[in-house]
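Some notes on the structure that comes next.
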Protein chains: 2
Amino acid sequence: MSKYLSRSVQDYLKAIYSMAQHKAGLIQTTEIADRLTTSPASVTDMIKKLAAKDLVDYTPYKGVKLTKPGLKVATELIRSHRLWEVFLVEKLGYDWGDVHEIAEQLEHVVSDDLTDRLAAFLGHPSYDPHGDPIPDAQGRYRLSNRVLLSQLPRVDGLVKVQGLKTHTQDFTQYLDQLGIVLGTQLDLQGINAFDKSIRAQIAGTDLLIPASIASNLYVSTIQ
Amino acid sequence: MSKYLSRSVQDYLKAIYSMAQHKAGLIQTTEIADRLTTSPASVTDMIKKLAAKDLVDYTPYKGVKLTKPGLKVATELIRSHRLWEVFLVEKLGYDWGDVHEIAEQLEHVVSDDLTDRLAAFLGHPSYDPHGDPIPDAQGRYRLSNRVLLSQLPRVDGLVKVQGLKTHTQDFTQYLDQLGIVLGTQLDLQGINAFDKSIRAQIAGTDLLIPASIASNLYVSTIQ
DNA sequence: ATCAATAATTAGACATGTCTAAATATCTTT
DNA sequence: AAAGATATTTAGACATGTCTAATTATTGAT
Ligand SMILES: [Mn+2]
Ligand SMILES: [Mn+2]
Ligand SMILES: [Mn+2]
Ligand SMILES: [Mn+2]
């Protein structure tokens, strides 16, 4: 049983992991293909290789699920990715919208203790620049009690921006434009039934948050 | 003309660059094969691809030489590699013998401005942990006037350790064992004609430096 | 100048990861 | 339950980078 995993293998595991966070049950071929912008045929090919390495459980025509070892690899990658993102923002001064692609590469650097040393250097941060939790060396992490702005039971009162569901530059630039960053406090005024857009105030200034944003923004209520 | 260069292509360019530093004229197929631990046949294959991309000038049966664009790519890689080595030693606390392999991976991360930001974060260092010069953003660097200990005209008086010719762990561990680090001052006592080993003192303590070490250690004389 | 040793190239193969097009399985609707 | 729509897999191909074995070129010694 070899220990080396190619960059492609790693990216597949990470994709499956992330998709499983947002959905119960098996992850389907087409979902993975969409996520990684490849063909379903390529995904089937790769899935077989992952199953042969015992990194996923594969039910043909149904989908896959990470095994214990597969989950471990994915978690380590997520940890590395998010720590590098913190490094890029905190130490190198990058904007939060510019770090994902670089971390996408840095996460694959293999070394016994690089990730742990990086974590120590950064002061063992618990969240990345997009509000996503950083697993510790044992793979444990705690999700802050956050919910998508679009799924709040009552659109009323103060909430705090806790994270992003998507990390594309299109999205972060949109947020920059609206003046929303991690930690921003929104004073919710109500929801427009017509298009589900949300009325809010930031520091007293009125703001209209489109549904496309609300469904990708995690917030926590402030009691 | 595509801009993307694979990791393999990059490693070949870097290898050719380094070999050209220690030797005049064309770099031969076999030399590259030895350096990268591959077969001469593979090197010939790759050389043709490099030549097709105008990264080397190739004379069949004779050897290769980097072109201007090839030299630029190689220099940027060297710059990135050495900056990462500084980061790993200065910020993450690695030993100088442990950073080469990790930097070998980090150097390939592609981004417009990552290298420049890293350089700024590190305070624009001029030398890496092994004493090798770090090219600036324009590819310029200055070699300190150093010479291999084995090639000193007179083995006598004070010299300062300025760098290593090889960076293998076998070598750095050997140096650690002898108590030699970058900047160590050696008080040279003479050379043993029998095996070219060198007698020296470090801070008053006697030390015998084998020829195998002397031929891989750069020093500068202290007037 | 010729021959043997050395160096380099070519031929043919393989592994990995990807693709398109065709075939097959599953799901959804009537 | 059958048909059509959708999802998945298979077949066959290609690009990249590597290898061994065979062939060819160059070099060095007599
Ligand atoms: Mn990646
Ligand atoms: Mn992130
Ligand atoms: Mn490398
Ligand atoms: Mn170095």
Side-chain angles (χ1 to χ4, degrees), chain A residues 1-16 19-20 23-65 70 73-74 77 104-105 107-108 110, chain B residues 1-16 19-20 23-65 70 73-74 77 104-105 107-108 110:
Chain A
M1 184 119 336
S2 71
K3 193 131 192 274
Y4 168 80
L5 299 177
S6 73
R7 178 167 171 173
S8 281
V9 165
Q10 293 180 37
D11 280 335
Y12 272 90
L13 293 176
K14 207 157 57 85
I16 295 167
M19 287 182 281
K23 179 203 169 181
L26 299 179
I27 306 300
Q28 293 171 291
T29 301
T30 311
E31 295 178 276
I32 301 173
D34 287 348
R35 170 67 167 256
L36 297 178
T37 331
T38 53
S39 70
S42 301
V43 174
T44 301
D45 289 344
M46 177 58 89
I47 277 176
K48 289 187 201 156
K49 291 170 195 164
L50 297 180
K53 288 185 203 290
D54 192 37
L55 295 166
V56 298
D57 288 326
Y58 172 40
T59 312
Y61 291 100
K62 296 303 164 84
V64 293
K65 182 184 178 311
V73 173
L77 284 166
E104 201 60 43
Q105 302 174 63
E107 70 191 2
H108 301 290
V110 302
Chain B
M1 185 119 333
S2 71
K3 191 127 191 276
Y4 168 80
L5 298 177
S6 73
R7 177 165 172 175
S8 282
V9 164
Q10 292 179 38
D11 280 334
Y12 272 90
L13 293 176
K14 207 157 57 86
I16 295 166
M19 288 183 278
K23 179 204 169 180
L26 298 181
I27 306 300
Q28 294 170 292
T29 301
T30 313
E31 295 177 276
I32 300 173
D34 288 347
R35 170 66 167 255
L36 296 178
T37 332
T38 52
S39 70
S42 300
V43 174
T44 301
D45 288 344
M46 178 58 89
I47 277 175
K48 289 186 201 157
K49 292 169 194 163
L50 298 179
K53 288 185 204 289
D54 192 36
L55 295 165
V56 299
D57 286 327
Y58 172 41
T59 314
Y61 291 101
K62 296 303 163 86
V64 294
K65 183 183 178 309
V73 172
L77 283 165
E104 201 61 43
Q105 301 174 64
E107 70 190 1
H108 301 291
V110 302

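Chain letters run A, B, ... following the sequence lines, proteins first, then strands; residues in each count from 1. Just so it is clear, the values below take in all heavy atoms, side chains as well, and ignore hydrogens, waters and symmetry mates.
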## Note on the structure
Per-nucleotide protein contact along nucleotides 6-18 of chain D, 5' to 3', at a 4.0 Å heavy-atom cut-off (B base, S sugar-phosphate only, - neither), is -SSBB------BB
### Message
Could you work out, with side chain to side chain contact (heavy atoms under 4.5 Å, CB included) as the rule, every residue matching A:T37, not counting sequence neighbours?
### Response
none
### Task
Report the distance from atom CG of B:D57 to atom CD1 of B:I47, rounding to the nearest 0.5 Å.
12.0 Å
### Task
Using the side-chain contact (heavy atoms from CB on, under 4.5 Å) rule, take B:I16 and B:L50 through it: C-alpha gap first, then chi angles, then the decisive distance, then the call.
CA-CA 11 Å; B:I16 295 166; B:L50 298 179; 4.1 Å; yes
### Query
Atom OG1 in A:T44, atom OH in A:Y58: separation rounded to 0.5 Å?
5.5 Å
### Query
If you round to the nearest 0.5 Å, how far is CG of B:L5 from NZ of B:K53?
6.5 Å
